[in-house]
There are 4 protein chains.
Amino acid sequence: MHLRLEPASGSPVYQQIVDQVKRMVAAGTLRTGDRLPTVRELASQLIINPNTVAHAYQSLERDKIIETRRGLGSFICEPDSQLSHDARIKQVSDLIERAVVEAHHLNVSADEVRKLLEGHFRTLYPLEDTIHE
Amino acid sequence: MHLRLEPASGSPVYQQIVDQVKRMVAAGTLRTGDRLPTVRELASQLIINPNTVAHAYQSLERDKIIETRRGLGSFICEPDSQLSHDARIKQVSDLIERAVVEAHHLNVSADEVRKLLEGHFRTLYPLEDTIHE
Amino acid sequence: MHLRLEPASGSPVYQQIVDQVKRMVAAGTLRTGDRLPTVRELASQLIINPNTVAHAYQSLERDKIIETRRGLGSFICEPDSQLSHDARIKQVSDLIERAVVEAHHLNVSADEVRKLLEGHFRTLYPLEDTIHE
Amino acid sequence: MHLRLEPASGSPVYQQIVDQVKRMVAAGTLRTGDRLPTVRELASQLIINPNTVAHAYQSLERDKIIETRRGLGSFICEPDSQLSHDARIKQVSDLIERAVVEAHHLNVSADEVRKLLEGHFRTLYPLEDTIHE
DNA sequence: GTGGTCTAGACCACA
DNA sequence: GTGGTCTAGACCACG
């Protein structure tokens, strides 16, 4: 597994790890049952404090993305969204709203936003036919 | 002007103020020239420290959402982003990406995301003919 | 890193810190990757409140002069202005205009101003052949 | 006399008045002996508080730009720079340095700065032959 | 009466 | 140990 940290990104290192793992799961690069590097492995690979990796893994475990088995390591687990449909929609909706509000203030047109959205869909689902309409 | 703080949200109070003001400006609830409550007014209304409100207002001023005139108060100003086109697109793109990844992870389909996007557009630009579809 | 405050200058302490750091970066005294003193270090060195230093550092971070990593400290970062070309030119132009008007008023000739300008260029870019003349 | 305030400029109103009067004196629009509008006239013209105009006039008087004669009004006075040559040069030099440092950070080239300088000279001395070699 | 600056000191998130 | 957030309260600049 290969992760890349961007120290300049402003977001905390542990969060970057969480996000990238989520993205890899979303993209299919990581699948159910895959084993993550150990805390120490990843820490030495990224040259960061093991506590930081541990923090990231705990966060992923709370979100039911991975499960940790003592003495074996951490593994991607079954997708299991315990949140209600409404709660999940709301979470995404809030993120979309934020993007739309920011686009408005930055004078980015609705069509440009749509293009960005489709672009990111294509990145996530490169094989699917996502042609819209 | 009415703001609501969610102490449980985890995001800093000053950020909540910033986000809500931005949303109101984008939605047209606040328009160019409108005066915000004074720092002290809003602070006593929300029962928070005036410095926290001041922090939020200064952040809004940096983003050219409001302009502040000593002795007079703070006012919504003309939209004018001095950022380059690329920088503006990137900022929106990052937010969209985050939403798309989260949507995938929460098992929210691309079409549902598109619907959410169009919904938020309609809220912001209710009169325009969005053509899309 | 050594900074000197001038209490009599009239300009806010945090602004003096910002200006001096910017000057050191421009002059090459501070380079990309260099670490600034911690907020608390600089505060105790200058005998001012840590919040004041934090204010200065946050201002420098907004201007992309430094980047700050929680738990690690603040570092000079790659120059990268996201402002549009016009906005950048205007900002410099305003400062030049102010200097020119003040020069006229203080009866400092155009040629003297040109010499001052070239002098400051030489300080910043001592190795380059400025061609000019 | 015609002044224009820019509420968005960030600089205090009284300072804008001071700067514009200085600029007009520098440009020759206002000459020794010319009478300024009364405090009340200018205040009602700019729709601002008379105290603000009075503050600006007091500042101009401190700098020996104008002199106020009870019952008669305020008049542009003889240029009389009491500051030493060095002090005057230093004042201009500081402003130029600030512009140069800012230009560096905004990635504005030395030649662009020179062009801006000559441009402002031309605005101030439109009739003189300021062609620089 | 506006907002701006600064101090003092508490508590939290992050590494 | 870093920096970030928030509170409390003083004093100043501005209108």
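The figures that follow rest on heavy atoms only: side chains count, while hydrogens, waters and symmetry mates do not. Note that the coordinates shown come from a computational prediction; the quantities given were computed from them, not determined experimentally. First the proteins, then the strands, lettered A, B, ... as listed; each starts at 1.
Distances shown here put every side-chain N or O of C:Tyr57 at or beyond 4.0 Å from the OP1 or OP2 atom of F:dG3. Contact annotation: C:Ser74 does not reach the phosphate of F:dT2 (side-chain N/O to OP1 or OP2, under 4.0 Å). Note on D:Tyr14: every side-chain N or O is 4.0 Å or more away from OP1 and OP2 of F:dG15. Between B:Thr68 and E:dT2 there is no side-chain polar atom (N or O) within less than 4.0 angstrom of OP1 or OP2.
Between C:Gly71 and B:Arg70, the residue anchored nearer the 5' end of DNA chain E, judged by the nucleotide with its closest heavy atom, is B:Arg70. With the nearest nucleotide of DNA chain E identified for both B:Arg35 and C:Leu72, B:Arg35 has the one nearer the 5' end.
The pair C:Glu78-C:Lys64 does not count as a salt bridge, with every side-chain nitrogen at least 4.0 angstrom from each carboxylate oxygen.
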C:Asp94 vs C:Lys90, test: salt bridge (charged side-chain N to carboxylate O under 4.0 Å, His left out). Steps then yes/no.
CA-CA 6 Å; C:Asp94 286 352; C:Lys90 173 158 189 344; 2.7 Å; yes
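One N or O on the side chain of D:Arg35 and one on the backbone of D:Leu72 form a donor-acceptor pair closer than 3.5 Å.
The number of heavy-atom neighbours closer than 6.0 Å to CZ of B:Arg62, taken from other residues, nucleotides and ligands shown, is above 12.
Residue C:Gln58 contributes atom CD, which lies 11 Å from atom P of F:dG3 at whole-angstrom precision. Going from atom CD1 of B:Ile47 over to atom C1' of F:dC6 covers 15 Å, rounded to whole Å. Taking atom CG on C:Asn51 and atom C1' on E:dT7, their separation rounds to 8 Å, with Å as the unit. Atoms CD (B:Gln16) and P (F:dT5) sit 13 Å apart, rounded to a whole Å. Residue B:Asn49 contributes atom CG, which lies 13 Å from atom C1' of E:dA10 at whole-angstrom precision. Taking atom CD of residue C:Glu67 and atom P of nucleotide F:dT2, one finds them 18 Å apart after rounding to whole Å. Across the protein-nucleic acid pair, D:Ile17 atom CD1 and F:dC14 atom C1' stand 12 Å apart, rounded to whole Å. The separation between A:His55 atom NE2 and E:dA13 atom P is 9 Å, rounded to whole Å.
Within 4.0 Å of B:Arg40, counting heavy atoms only, lies at least one base atom of the nucleic acid. Residue D:Ile48 is classed as having no contact, given no heavy-atom separation below 4.0 Å to the nucleic acid.
Both distances falling under 3.5 Å, in either a Watson-Crick or a G-U wobble arrangement, place E:dG1 opposite F:dC14.
Side chain of A:Thr52, nearest nucleotide from E:dA15, E:dT5, F:dG3: E:dA15. Which of E:dA15, E:dT7, F:dC6 sits closest to the side chain of A:Val13 comes down to E:dA15.
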